Number of protein chains: 2
Amino acid sequence: MKDIKHFLRQNSLRPTKQRVIIANYLFDGVNKHVTAETLSNKLLKMKAGISLATIYNTLHDFYEKGLLKKLMINSERIYFDTNTEHHHHFYSKKDQKLIDINVDMKVNGIPKPPKNKKINKIEVLVHLDN
Amino acid sequence: MKDIKHFLRQNSLRPTKQRVIIANYLFDGVNKHVTAETLSNKLLKMKAGISLATIYNTLHDFYEKGLLKKLMINSERIYFDTNTEHHHHFYSKKDQKLIDINVDMKVNGIPKPPKNKKINKIEVLVHLDN
DNA sequence: ATATCAGTTTAGAATGATTCTAATGTATTG
DNA sequence: CAATACATTAGAATCATTCTAAACTGATAT
Ligand SMILES: [Mn+2]
Ligand SMILES: [Mn+2]
Ligand SMILES: [Zn+2]
Ligand SMILES: [Zn+2]
């Protein structure tokens, strides 16, 4: 991402110092899965003293603009995904790590949803052992 | 379930008054998805004043004996499933409801897991709109 | 540039699901 | 009926997340 400020403005987000730092990290071209905590730790290493409240605010602001996906993998924390394409995941509980599955996968044999309900999206989570 | 006390003993669980009430409800032959809160509400309606601590303890005891499955659907609460067979779910966020998908579904095109990792299980969650 | 103001950041408090503590109660066994 | 290991419980603690309200700052108008 060359012009982060422009990118933020395009998405109706004021390019504040904190948002620029966070966006520069998140949208550096490498897809990431972050939690508020892992992001905070990364920012601390970068000597960016951004409060947890702002980290939560920013993740949600980016989510609301469609720049991040929210992943509900477990009940311990919320993951945010910089890959906003429809895709699936490997999940290692042991490592608390997610790995994108970007290749085409097809789920066969889904029954009809209940009356008046429409399928919104299909999420496949492949749990890893080791 | 006819003899709940026997059933609990078989699973190395003392048939206390509270466990008998909870097991009678959970294992009545109709598969259920409960949270600590929904179970507590149900028990209140049944005039069974069982403390939240006991409800949490019991759900985890049953889980540890393999009588319940734990479902991590969202980051708001933990669901316990009386259907311990491998199966998938419809999920309506709006209704906060899960519906079993017991028919055979096949996921095609899963890539190889990373080195040294084995696939443990594949979980398909079909999100509903309405 | 400076003033203005809506939007943002922040520390710290609040929330809410879950877990823990430690005192009391009970099922089991001899 | 003991003795005791296990279970229940109220209330405190924990921890991720959200909220509050005061201080701050980016954008816009003069
Ligand atoms: Mn985390
Ligand atoms: Mn609930
Ligand atoms: Zn992803
Ligand atoms: Zn189920």
Side-chain angles (χ1 to χ4, degrees), chain A residues 3-25 33-44 46-65 67-68 70-80 93 96, chain B residues 3-25 33-44 46-65 67-68 70-80 93 96:
Chain A
D3 192 354
I4 284 285
K5 292 194 183 190
H6 181 239
F7 168 75
L8 290 170
R9 279 201 201 88
Q10 274 182 324
N11 287 283
S12 320
L13 292 163
R14 272 198 199 171
T16 63
K17 191 153 53 97
Q18 293 84 347
R19 283 175 178 167
V20 166
I21 292 168
I22 293 175
N24 260 314
Y25 168 66
H33 304 102
V34 303
T35 66
E37 192 199 358
T38 63
L39 180 54
S40 175
N41 290 339
K42 190 64 76 173
L43 293 167
L44 282 176
M46 294 173 170
K47 312 269 185 217
I50 300 179
S51 76
L52 250 193
T54 299
I55 290 171
Y56 277 105
N57 288 340
T58 302
L59 286 171
H60 283 118
D61 293 344
F62 287 5
Y63 169 70
E64 254 144 38
K65 300 303 181 184
L67 307 177
L68 292 174
K70 218 188 271 196
L71 301 179
M72 310 303 217
I73 300 293
N74 62 40
S75 33
E76 273 135 30
R77 65 203 114 257
I78 296 171
Y79 288 86
F80 289 88
K93 185 186 172 131
Q96 295 277 305
Chain B
D3 191 355
I4 282 286
K5 292 195 183 189
H6 181 240
F7 169 75
L8 289 170
R9 279 201 200 87
Q10 274 181 324
N11 286 284
S12 320
L13 292 162
R14 275 198 197 169
T16 62
K17 190 156 52 101
Q18 293 82 347
R19 283 175 179 168
V20 166
I21 292 168
I22 293 174
N24 260 314
Y25 169 65
H33 304 102
V34 302
T35 67
E37 193 199 357
T38 62
L39 180 53
S40 175
N41 289 338
K42 190 64 76 173
L43 293 167
L44 283 176
M46 294 174 171
K47 310 267 186 220
I50 300 179
S51 76
L52 249 193
T54 298
I55 289 170
Y56 277 106
N57 289 340
T58 302
L59 287 171
H60 284 118
D61 294 344
F62 288 4
Y63 170 71
E64 254 144 39
K65 301 303 181 182
L67 307 178
L68 292 175
K70 219 188 269 196
L71 301 179
M72 311 303 217
I73 299 293
N74 62 41
S75 33
E76 274 135 29
R77 64 203 115 256
I78 296 172
Y79 288 86
F80 289 88
K93 184 185 174 135
Q96 296 276 302

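By convention in this document, chain letters (A, B, ...) are assigned in the order of the sequence lines, proteins followed by strands, and residues within each chain are numbered from 1. Since the structure is predicted, the reported quantities are computational estimates derived from the model, not experimental observations.
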Sugar-phosphate, base or nothing in reach of Asn57(B), heavy atoms under 4.0 Å: base

Sugar-phosphate, base or nothing in reach of Thr54(B), heavy atoms under 4.0 Å: base

Nearest-nucleotide 5' precedence on DNA chain C, Thr16(B) against Glu76(B): Glu76(B)

Would one find a side-chain N or O of [X] under 4.0 angstrom from OP1 or OP2 of [N]?
| X | N | result |
| --- | --- | --- |
| Ser75(A) | dT18(C) | no |
| Gln18(A) | dT10(C) | yes |
| Arg9(B) | dA27(C) | no |
| His60(B) | dT19(C) | yes |

Just how far, in rounded Å, is [atom2] of [N] from [atom1] of [X]?
| X | N | atom1 | atom2 | result |
| --- | --- | --- | --- | --- |
| His6(A) | dA27(D) | NE2 | P | 13 Å |
| Arg14(B) | dT29(C) | CZ | P | 8 Å |
| Arg19(A) | dC24(D) | CZ | P | 19 Å |
| Tyr56(B) | dA12(D) | OH | P | 18 Å |
| Ile22(B) | dT8(D) | CD1 | C1' | 11 Å |
| Ile55(A) | dC15(D) | CD1 | C1' | 16 Å |
| Leu13(B) | dC6(D) | CG | P | 13 Å |
| Ile50(B) | dT8(D) | CD1 | P | 8 Å |

How about [X] and [Y]: do any of their side-chain heavy atoms sit closer than 4.5 Å?
| X | Y | value |
| --- | --- | --- |
| Phe80(B) | His33(B) | no |
| His60(B) | Phe62(B) | no |
| Gln96(A) | Asn74(A) | yes |

Asn11(A) side chain vs Leu13(A) backbone, donor-acceptor pair below 3.5 Å: no

Minimum-distance nucleotide (side-chain atoms of Thr58(B) versus dA17(C), dT17(D), dT8(D)): dT8(D)

Residue Pro15(B), side-chain atoms from C-beta onward, closest of dT9(D), dT28(C), dT8(C): dT28(C)

Distance (rounded to the nearest 0.5 Å) between Thr58(B) OG1 and Leu43(B) CG: 9.5 Å

